[in-house]
Structures are given as structure tokens and as C-alpha cells.
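Residues: numbered from 1 along the sequence shown. Both backbone and side-chain heavy atoms feed into the values below; hydrogens, waters and symmetry mates do not.
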Amino acid sequence: MKINVVMRDVDFINDTNNYAGVDRGVYRLLKKGIIPKFTYGDYDSVSDEEREFIESQLKINAVNSEKDYTDSHLALFDLVDKGYTEIDVYGALGDRIDHELMNIQLLLNEKFKNVDIRLIDKLNVIFKVMGKKELKNIGYKYVSFIPFFNGTTLTLDGFKYDGEVEISIGSTLTVSNEFIDQTATVETNQPVIAIYSNDKGRG
């Protein structure tokens, strides 16, 4: 079961009828004529006028801005509890770097062990890889694998740079690899973050 999540005032691919909005993402969806199924956030990123517009379109339950979790954490945890197993997130990257880094690390949370979550912007698609996985070439120039655990072993097959490598936190060895065909396989003993990316001006 798939859903798209829009977190900020960003472009998104309209490939499903299921949408959730987070904070300013709710406003973005409504202005595009889309009523989100679920809404989350403290709405500290919208103006008073924009909030009035939101509340004229649907009922929201704003959370307190002083809380022990981020709005993205709140949304993803709740959507997984609702049974969604495929979640594309727009607006999780860019803007504040603390939120961006946390959104990427959030992919490794145990809660999302069996959930496919992708963070998407104009230049990147970011997701986690655990165990053995076939990856599809979807047209990005680069594919990188970022370790979050020391002693991570990667086995790469079907890429420009193939083979088995051991990498640790801070290693840059597996950045800027490339597909040589339409699919390739990666196997890892620890979860890693995979990133499809383009150089600016190409994507």
C-alpha cells in the first residue's frame, strides 16, 4: 500500500491517489487541488493567512511545537502504523541541514525495517538497503552507498565498480558508482543508505 508524503512547498510526482501532508506540505497539496488523507505537524511554517486557508478546507489536529520528535517522525511512524509499506517523501531534503540529516538517518529506524521509504528531490532519490537487493537503473547518473555502521561489507554486481568491499563510517569508497545496465545487485551485512543522484543542471 503506497502513499506520497509532501512536507514542504516542493514539486512532487502525482502517481497515486493517496497523499499525506506535513505542515506546509498540507498547504502545498491543497493549492494543487489535492485533499490529503492525513495531515501532520505544528504548522509553524505557514502564515496565519495560509493556516486559515488550510482550516477552511479540512480539519487539522496541530501538535505542540515543543515536542520530543519531528513532524516527519510523527508522520512516518503513524503512516506505517496505518499499514503503508511504500512511502515516497517529498520535501524531506534541503532547507535546514539538521532536519535533512535526521530525515536520512530516520530511514534506518527499526520501525521501518520492512518498509520502503524514499526521500525524493530534484537531484536525489534516497533509500535504505538491507540484505540483498536488486536495484533498477531509473536514469540517474550516479548511485552511491553510504555506511552508517563500522565493518559494513558490500558486494556489488552490475555496477561500473563491482566487487566486495568493507567500508566504515566516514569511508567515501562507494560514492559516485554507476549502473552499466538496467539492473544491478547489492548485498550488505549492515543497513546502508543508497542514493541515486545527478549533478546540478542535469537532473
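- When hydrophobic clusters are built by joining Ile, Leu, Val, Met, Phe, Trp and Tyr residues whose side-chain heavy atoms come closer than 4.5 Å, directly or via intermediates, Val165 is grouped together with Val129.
- Looking at residues two or more places apart in sequence or on another chain, you find a side-chain hydrogen bond (donor to acceptor under 3.5 Å, both in side chains) between Asp81 and Lys111.
- In this structure Asn109 satisfies the side-chain hydrogen bond (donor to acceptor under 3.5 Å, both in side chains) test with no other residue, sequence neighbours excluded.
- With side-chain heavy atoms closer than 4.5 Å counting as contact, directly or through intermediates, the hydrophobic cluster containing Ile97 also holds Leu101.
- Note: Thr188 OG1 to Lys133 NZ = 12.5 Å, rounded to the nearest 0.5 Å.
- Separation of atoms CG (Asn137) and CD1 (Ile180) is listed at 10.5 Å; rounding is to 0.5 Å.
- Using a 4.5 Å heavy-atom threshold, the side chains of Lys67 and Asp42 count as touching.
- Other residues sharing a hydrophobic cluster with Tyr161 under the 4.5 Å side-chain heavy-atom criterion for ILVMFWY residues do not exist; the residue is a singleton.
- When the shell of 6.0 Å around CG of Asn64 is examined, it contains more than 12 heavy atoms from other residues, nucleotides or ligands.
- Sorted by first and then second residue, the salt bridge (Lys or Arg N to Asp or Glu O under 4.0 Å) pairs involving residues 186-195 (not counting sequence neighbours) form an empty list.
- A single hydrophobic cluster is seen to contain both Phe159 and Val125, as judged by linkage of ILVMFWY side chains at heavy-atom distances under 4.5 Å, directly or through other members.
- Considering every non-hydrogen atom in both Asp199 and Leu123, the closest pair reads O-CD2, 3.8 Å.
- Atom CG of Asp48 has 12 or fewer neighbouring heavy atoms from other residues, nucleotides or ligands inside a 6.0 Å radius.
- Atoms OG1 and NZ, from Thr183 and Lys136 in turn, are 9.0 Å apart once rounded to the nearest 0.5 Å.
- Note: the hydrophobic cluster containing Ile13 does not contain Val89 (ILVMFWY, side chain heavy atoms under 4.5 Å, direct or indirect links).
- Residue Asn4 forms a side-chain hydrogen bond (donor to acceptor under 3.5 Å, both in side chains) with just one option from Asn17, Asn14, Asp15, and that option is Asp15.
- Heavy-atom neighbours of Lys2 NZ from other residues, nucleotides or ligands within 6.0 Å: above the threshold of 12.
- Through direct or indirect side-chain contacts shorter than 4.5 Å among Ile, Leu, Val, Met, Phe, Trp and Tyr, Met102 is connected to no other residue.
- How far CD1 of Ile117 is from CG of Leu107: 6.0 Å, rounded to the nearest 0.5 Å.
- Remark: Asp44 does not engage Arg51 in a salt bridge, criterion side-chain N to carboxylate O under 4.0 Å.
- When each of Arg24, Met7, Glu50 is tested with Ser45 by the rule side chain to side chain contact (heavy atoms under 4.5 Å, CB included), just one qualifies, namely Arg24.
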### Verdict with supporting geometry, Leu119 and Ile104, side chain to side chain contact (heavy atoms under 4.5 Å, CB included)
CA-CA 8 Å; Leu119 310 182; Ile104 294 170; 4.0 Å; yes
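- Every pair tested for side-chain hydrogen bond (donor to acceptor under 3.5 Å, both in side chains) that includes a residue from residues 167-180 fails, sequence neighbours excluded, so the list is empty.
- Taking 4.5 Å as the limit, some side-chain heavy atom of Leu30 sits within range of a side-chain heavy atom of Leu58.
- Rounding to the nearest 0.5 angstrom, the gap separating the CD1 atom in Ile126 from the CD1 atom in Ile195 is 4.5 Å.
- Side-chain rings of Tyr196 and Phe127 approach one another, their centers coming within less than 6.0 Å.
- The closest side-chain heavy-atom distance from Leu93 to Asn103 is not below 4.5 Å.
- Taking both residues in full, the closest heavy atoms of Val6 and Arg8 are given as CG1-O, 3.4 Å, listed atom of the first, atom of the second, then distance.
- Closest of all the heavy-atom pairs between Phe148 and Ile146 is CD1-O, 3.5 Å.
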### Message
Between Gln190 and Leu154, does the side chain to side chain contact (heavy atoms under 4.5 Å, CB included) criterion hold? Intermediate values first, please.
### Response
CA-CA 9 Å; Gln190 300 274 18; Leu154 278 182; over 6 Å; no
### Message
Working note: Leu108 + Ile193, criterion side chain to side chain contact (heavy atoms under 4.5 Å, CB included); need CA distance, chi angles, decisive distance, verdict.
### Response
CA-CA 8 Å; Leu108 300 174; Ile193 294 297; 3.9 Å; yes
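- For Thr70, the side-chain hydrogen bond (donor to acceptor under 3.5 Å, both in side chains) criterion is met by Ser72, not counting sequence neighbours.
- For residues 4-25, every residue pair satisfying the ring-ring contact (aromatic ring centres under 6.0 Å, His included) rule, not counting sequence neighbours, is listed here: Phe12-Tyr19.
- Side chain of Asp116 to backbone of Glu86: no donor-acceptor contact under 3.5 angstrom is found.
- Taking the ring-ring contact (aromatic ring centres under 6.0 Å, His included) definition, one finds that Tyr142 meets it with nothing, sequence neighbours left out.
- With Asp9 contributing its side chain and Arg28 its backbone, the two residues share no donor-acceptor pair below 3.5 Å.
- Applying the ring-ring contact (aromatic ring centres under 6.0 Å, His included) rule to pairs touching residues 77-110 yields His73-Phe77, Phe77-Phe112, sequence neighbours excluded.
- Among all heavy-atom pairs drawn from Val22 and Ala75, the shortest one is CG2-CB, 3.6 Å.
- No side-chain heavy atom of Asn114 sits under 4.5 Å from any side-chain heavy atom of Thr85.
- For the residue pair Phe145 and Ile167, the shortest heavy atom distance occurs at O-CD1, 4.5 Å.
- Within 6.0 Å of atom CD in Gln105, 12 or fewer heavy atoms from other residues, nucleotides or ligands are found, so the atom counts as exposed in its surroundings.
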### Task
Decide side chain to side chain contact (heavy atoms under 4.5 Å, CB included) for Val5 and Tyr40; before the verdict, give the C-alpha distance in whole Å, the side-chain angles of both, and the deciding distance to 0.1 Å.
CA-CA 10 Å; Val5 179; Tyr40 306 92; over 6 Å; no
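- Between the side chain of Lys128 and the main chain of Val115, a donor-acceptor pair closer than 3.5 Å is present.
- Put simply, the side chain of Val46 does not reach to within 4.5 Å of the side chain of Phe53, judged on heavy atoms.
- The closest donor-acceptor contact from the side chain of Asp23 to the backbone of Tyr43 lies under 3.5 Å.
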Side-chain atoms of residues 31-39: list all donor-acceptor pairs with protein atoms under 3.5 Å, sequence neighbours left out, distances to 0.1 Å.
from	atom 1	to	atom 2	distance (Å)
Lys37	NZ	Asn18	OD1	2.6

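- For the residue pair Asn189 and Thr153, the shortest heavy atom distance occurs at OD1-N, 2.6 Å.
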